[in-house]
Enquirer: 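Below is one structure. I have some questions about it.
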Amino acid sequence: MEKYVYINDRPVAWEGEKNLLELARKAHIDIPTFCYHSDLSLYGACRLCMVEVEGRGLVTSCTTEPFEGMKVKTHSQQILKLRKTIVEMLLANHDQNCPQCSRATDCKLRDISNRLNIDNVRFRQTREFKTVNLGSDCLTRDPNKCVLCGDCVRFCDEIQSIGAIDFAGRGLEVNVSSAYGKSLAQVDCVNCGQCAAVCPTGAIVIKTDVPRAWEAIHDSKKTVVAQIAPAVRVALGEMFGIPASDMTTGKMVAAMKIIGFDQVYDTSFAADLTVVEEANEFIARKSNGGKLPIFTSCCPAWVKFAEQSFPSLLENLSSCRSPQQMFGAIAKERLPELLKVDKKDLVVISIMPCTAKKYECKRPEFTREDGIPDVDIALTTQELGRMVREAGIDFESLEPESFDLPMGFATGAGVIFGNSGGVSEAVLRYAADKFDIPVPESIVLQEVRGTSGLREATLADGNLKIAVVHGLRNARELADKIIAGEAEYDIVEVMACPGGCTGGAGQPIVTTQRQHRERTKTLYNADKTMAMHRAQDNPFIHELYDELLKEPNSHKAHELLHTAYRHRKRIDDDELSISTGDAKDRCQIRVCVGTSCYLRGAQDILAKTLQMVEENAWGNYFDISATFCSEKCDKGPNVTVGDKVIHRAELAHIKQLITEEASRRVK
Amino acid sequence: MSTQYSAAHSFNKVMEILDRYDRSEEKIIPILQAVQEEYRYLPQEVLTFIATSLGVSPARLYGVATFYSHFSLEAKGKHIIKMCDGTACHVRGSAKVIDAIRERLKLTDKKITTDDMMYTFQTVSCLGACGLAPVLVVDDEIHGQVTPQQALALIDKIDAEEKENA
Ligand code: SF4
Ligand code: SF4
Ligand code: SF4
Ligand code: FES
Ligand code: FES
């Protein structure tokens, strides 16, 4: 039997919607919200979503479950007044420099204030404006625009399982902060940028590199080439009123030529190259009993996350650089000759759906000995859109143009990289023959497509097991299982962003899940319309191997296309000095108590060391401190005694060293 | 106990406290309370160590530690002086007392602890003793209807005692 709820006296069928807010949306009423996000837990703090329920009075619609026969009013006199009051209170403490705000066109506060016809703020400012900037290479924070909805905090914790930011302080001082008010660059933030993507205002925004891009373009000595990631082409149009169902590749290339890019190439070309390298790396590991599962490594947020949290899995990560960095390395190697330009005058700008790519291109290993980085500037889709606007280009009316050759030619394999599951599918298309996987004519591997957080596929009669995860909490849970031996796979694909890079934080802001799904679909459709679908069929990839790399995983390929990972501490913290001696000649003892070492018993070593020094009255001769992660986590517990660094420290050994050091000093 | 061991002693205490509360996330508040008692404030590195031991993110622990005004992330002086600046106390002239104390101790609303770590001076909003306004609390002892002169006399008294004990 159908159940009904009466919204504004009109019956609405209640089909299991979990709260009044969702039900109202189905009834074509968009109740304003700040702290509701369908993927996150309920917070119920902003009170903006109030509705009136007969018999119950005012309730927050986001936290109220419907019941049969419920009578709801969504815009009574009282509610309209209340909403205005709430928004006015927020505006009173909001730095309203909207014209200078990068979120001016998609700010929810601005939009709601406008929708509610607010023409006057009746309240005085009660919070002092702060100048704190807790940014990183990727993000900038402006606490004076924060409405304290908590979306960023919950995303970072619930979806990414990181918790790099949280509410700190109380009363008027409450703000969103990393630990001890450090910058995001000093803590375990992985730069996924999703906090900025869910922020309704300009309180966390992408750090812009647009001025640097213009400067390069306007410098007549420079030759500026662009690479565009696959996910950009299905989202850029959204900034110009073109739905995600329309691919805007051609218009995008045209716009970039007008802007002044000398060559416009496709990162999907480098993705094809990644497929060849990664598939060969995998096949080699599989046949010589190498480390499995192989984890994909094209998402820099996932890579940093693994470096911080999964030291024991770093050898499992594919050594392949991401397509952005493969492109950069090949461009700086080949283009100077091809375009007749001095290497130092060649500027590679990448257009990415991603904020973490800004961090990735600055990793020191991607700058070669001559001091020239492989990728000079990483811009997001949003930033490119802003440049198009700044140049006054009428995007919608542009005639499509095509990518430049040779690095602008890609197959469908390189294009679907932008979707979660895409990398796996592309690698499978390459490796199918090897494993006797009957590849359907359309070359669609349905098993790895979809939206659920963890998808698994077993192919080749059980000989090939694949897992695809997106969102780092899902990645963490899977990695824990793999380490515990509860799950076994050959290939694990990880993308930090929901849906993969199409849902990256550098993409235009979306407000509905439908927009996300649309991008995914359009990208798969793009694959269908392409001439080739398998990376190994790309003639320009063949040419690259013939002329430069010789064969997959060759020495040259390793130099240009592969990389290594390192353990990374989660927080920049001073060491904790526990005991200092006063003799002139003292010995330093430092015990790492970072998470990995802690779990391996570092604390016991530290306690017993202190005890030993105290019992023998050697305190004068030692400075003892606890350090936080010396970035050798796989070899923990790590202890230094004097100039000796001891990995996998055992108490007896440490005690012996201390005794030696002491006997040398005690007369 | 010599001074060089006092830091080691405190750190051993932290480990003891963690053990006493089963390293359980639910017991964050009593853990922080006990640690603050030991150090008189919550040193940043100790907080990071606690976060590691409890398996919570340092940002979350920082959030908890800053939520309660009871906790302090800055070193506190040996003597803690608090002046109420709630409405009742304000009306009865707490501002003058506050100014006098700050001037005497060379403190401001941002710098609340003297360089010699002897005094910490804070203002609080309403101590619930409005009948005695303006109210001053010196090392947990409440003084009602204080004037600037009385407040300074109380500090003189502590100074004298400290000198005697030194
Ligand atoms: S960028 Fe990602 S990891 Fe960093 S604070 Fe934001 S959500 Fe957390
Ligand atoms: S920074 Fe943005 S998302 Fe985070 S609490 Fe403030 S307004 Fe909300
Ligand atoms: S999933 Fe894609 S967009 Fe998101 S952080 Fe990783 S590489 Fe960047
Ligand atoms: S959206 Fe319901 S309380 Fe914020
Ligand atoms: S925790 Fe990383 S080296 Fe000890």
Side-chain angles (χ1 to χ4, degrees), chain A residues 153 156-157 161-171 173-182 184 187-189 570-583 593-599 602-604 606-607 609-611 613-614 617 619-620 622-629, chain B residues 1-19 23 25 28 32 35 38-39 41-75 85-86 109-110 122-126:
Chain A
V153 170
C156 192
D157 176 34
S161 77
I162 295 173
I165 45 178
D166 209 327
F167 287 113
R170 62 200 291 270
E173 291 297 311
V174 179
N175 68 103
V176 170
S177 169
S178 352
Y180 323 120
K182 284 178 186 286
L184 287 174
V187 297
D188 48 359
C189 164
R570 294 185 201 174
I571 184 161
D572 268 354
D573 223 334
D574 288 339
E575 49 183 60
L576 173 60
S577 162
I578 297 173
S579 156
T580 5
D582 50 18
V593 291
T595 309
S596 295
C597 293
Y598 176 83
L599 294 174
Q603 195 192 311
D604 187 48
L606 181 58
T609 302
L610 287 169
Q611 200 187 349
V613 169
E614 187 164 2
N620 278 341
F622 291 96
D623 289 347
I624 306 174
S625 54
T627 66
F628 297 100
C629 193
Chain B
M1 189 173 57
S2 69
T3 50
Q4 63 203 299
Y5 288 128
S6 73
H9 173 83
S10 296
F11 189 71
N12 277 326
K13 235 351 206 322
V14 172
M15 295 198 263
E16 248 174 67
I17 292 164
L18 286 168
D19 286 337
R23 295 173 191 259
E25 192 185 335
I28 284 187
L32 291 182
V35 171
E38 182 58 37
Y39 284 87
Y41 77 112
L42 297 171
Q44 181 174 317
E45 294 74 25
V46 174
L47 279 179
T48 307
F49 179 74
I50 298 172
T52 311
S53 313
L54 300 181
V56 302
S57 81
R60 166 73 32 105
L61 194 64
Y62 175 72
V64 175
T66 52
F67 183 79
Y68 297 95
S69 58
H70 171 75
F71 294 127
S72 168
L73 276 84
E74 278 172 54
D85 200 19
D109 58 337
K110 297 267 150 33
Q122 285 171 302
T123 59
V124 291
S125 43
C126 197

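Heavy-atom basis, side chains included; hydrogens, waters and symmetry copies ignored.
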Enquirer: Under 4.5 Å heavy-atom distance to chain B, tell me which part of I624(A) shows up: side chain, backbone, both or neither.
Expert: neither

Enquirer: Which one of S57(B), S53(B), P43(B) has the most heavy-atom pairs closer than 4.5 Å to chain A?
Expert: S53(B)

Enquirer: Taking side chain as everything from C-beta outward and backbone as N, CA, C, O, which of these in Y180(A) sits under 4.5 Å from a heavy atom of chain B? Side chain, backbone, both or neither.
Expert: both

Enquirer: Check the surroundings of atom CD in E74(B): do more than 12 heavy atoms from other residues, nucleotides or ligands lie under 6.0 Å from it?
Expert: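 No, not enclosed.
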
Enquirer: Do you know which of L54(B), I50(B), I17(B) makes side-chain contact (heavy atoms from CB on, under 4.5 Å) with R23(B)?
Expert: L54(B)

Enquirer: Compare all side-chain heavy atoms of Y39(B) with those of K13(B) and state whether any distance is below 4.5 angstrom.
Expert: no

Enquirer: Quick one: which of M15(B), Q44(B), R60(B) has the most heavy-atom pairs under 4.5 Å with chain A, could you say?
Expert: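 Ranked by heavy-atom pairs under 4.5 Å with chain A, first place is Q44(B).
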
Enquirer: Would you call I578(A) and L606(A) a side-chain contact if the rule is heavy atoms closer than 4.5 Å?
Expert: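 Yes, side chains in contact.
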
Enquirer: Heavy-atom cut-off 4.5 Å, strictly under: side chain, backbone, both or neither for E173(A) against chain B?
Expert: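 Contact with chain B: none, neither part.
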
Enquirer: Between V153(A) and V176(A), is any pair of side-chain heavy atoms under 4.5 Å apart?
Expert: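 The answer is yes; the side chains approach within 4.5 Å.
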
Enquirer: Find out whether F628(A) and V593(A) are in side-chain contact, i.e. whether some heavy atom of one side chain is under 4.5 Å from a heavy atom of the other.
Expert: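 Counting from C-beta outward, F628(A) and V593(A) do come under 4.5 Å.
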
Enquirer: Can you tell which part of A607(A) gets under 4.5 Å to a heavy atom of chain B, answering side chain, backbone, both or neither?
Expert: both

Enquirer: Using heavy-atom distances under 4.5 Å, tell me whether L47(B) contacts chain A through its side chain, its backbone, both, or neither.
Expert: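 For L47(B), backbone and side chain are both near chain A.
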
Enquirer: Relative to chain B, which segment of I165(A) carries a heavy atom at a distance below 4.5 Å: side chain, backbone, both, or neither?
Expert: backbone

